[in-house]
Amino acid sequence: MLSLSPYKHVIRSQQFTFDYIEELFDLTDFMKKNEFDVSSHLKNRIVAMLFYEPSTRTRLSFEAAAIRLGASKITTENAKEFSSISKGETLEDTINIVQSYADYIILRHFEDNSSEIAANISSKPVINAGSGKGQHPTQALLDVYTIQENFKRLDNLKIGVVGDLLRGRTVESLVYLLSKFNNNKFYFISPDNSKIKDGIKKYLLENKIDFIESNNLEENMSDFDVLYMTRVQKERFENIREYESAKIILSQKNIKLLNQKSIIMHPLPRVDEISIQIDQDSRSKYFEQARNGLYVRMAVLSIIERNKK
Ligand code: CP
């Protein structure tokens, strides 16, 4: 039976309890201050990195986290081409083998339910590093950590979520995580061909969490505390013309409408949805957000290790 405890596997953001989030963020603060002095936390451990889809931030920050914590890593970059899946091996068989070589499995995979499949089989902790159009739970943790750092609270927030809300997995994980806190309101801004998933809307309605949908970025912009931009997921479109019509771009002109105390976030990579001139704006936090990924992932690994003992 699959463990829903984030102290064992990290699969989806609905798993995270308030106790876990508090402990994790305290440990993240600690990692940030003691980055070079924590190499005993995962000493003699081996972390396997199985990446079936491209990644820069998630893969390299998990690798850096493992190294900072004193672990070694084994890795299959571009696993779709260079691992035995290309010969027809199933994910189940791959996980069965990798769990006998490594103490942790970090998995990025193109199937939405890949991490559940892996965790069901693995005796070793599985951490979802992005699963198809499904979830990216450690991204949500680092997003929420960054929001907490900037606002010193995680409730009473107005969050504008912009872009490809149908295919992006970071949005799903972020919305489920922020929904745990009180009185947050979501503004989902997307073209008609990329609207927020019905399953998320159903969850928000059932839990009486306020949200509105729009295709106009500027409409409620002055209300936002957080403007969370996302990339249009080109690789998940079948029709390139549909992809071109799915873009919403944040310009220097429209950020004038944004409150001075608000912040601009993006899970990255960006393509052209935020112009590089906006990087100089003090409200732009996306590089800080990506940097926080290292410390949050150090804490995610360390907390599991601590709870093994
Ligand atoms: N945000 C994110 O998951 O980035 P990568 O695809 O580069 O890992």
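All ligand and atom numbering here is 1-based and tracks the order in the structure.
- Note: F211 and F188 have tilted aromatic rings, judged against thresholds of 30 and 60 degrees for the angle between ring planes.
- At distances below 3.5 Å, at least one donor-acceptor pair connects side-chain atoms of R108 with backbone N or O atoms of P54.
- For ligand 1, none of its N or O atoms has an N or O atom of P269 under 3.5 Å away.
- Closest to atom 4 (O) of ligand 1 among all protein heavy atoms lies R57 NE, 3.1 Å.
- The part of L268 lying near ligand 1 is the backbone, judged by heavy-atom distances below 4.0 Å.
- Taking the six-membered ring where tryptophan is involved, the planes of Y203 and Y176 are perpendicular, since the angle between them exceeds 60° and thus also 30°.
- Under a 4.0 Å heavy-atom criterion, E53 is not in contact with ligand 1.
- Taking atom 7 (O) of ligand 1 as the reference point, the nearest protein heavy-atom neighbour is T56 N, 2.8 Å.
- Protein heavy atom nearest atom 6 (O) of ligand 1, with residue, atom name and distance: R108 NH1, 2.9 Å.
- Judged by the 6.0 Å distance and 45° axis criteria, K180 is not positioned over the aromatic ring of F16.
- The shortest heavy-atom contact between R169 and H109 is NH1-O, 4.3 Å.
- Here is the list of ligand 1 atoms found below 4.0 Å of a heavy atom in T58: 2 (C), 3 (O), 4 (O), 5 (P), 8 (O).
- A donor atom on one side chain and an acceptor atom on the other are found under 3.5 Å apart for K32 and N292.
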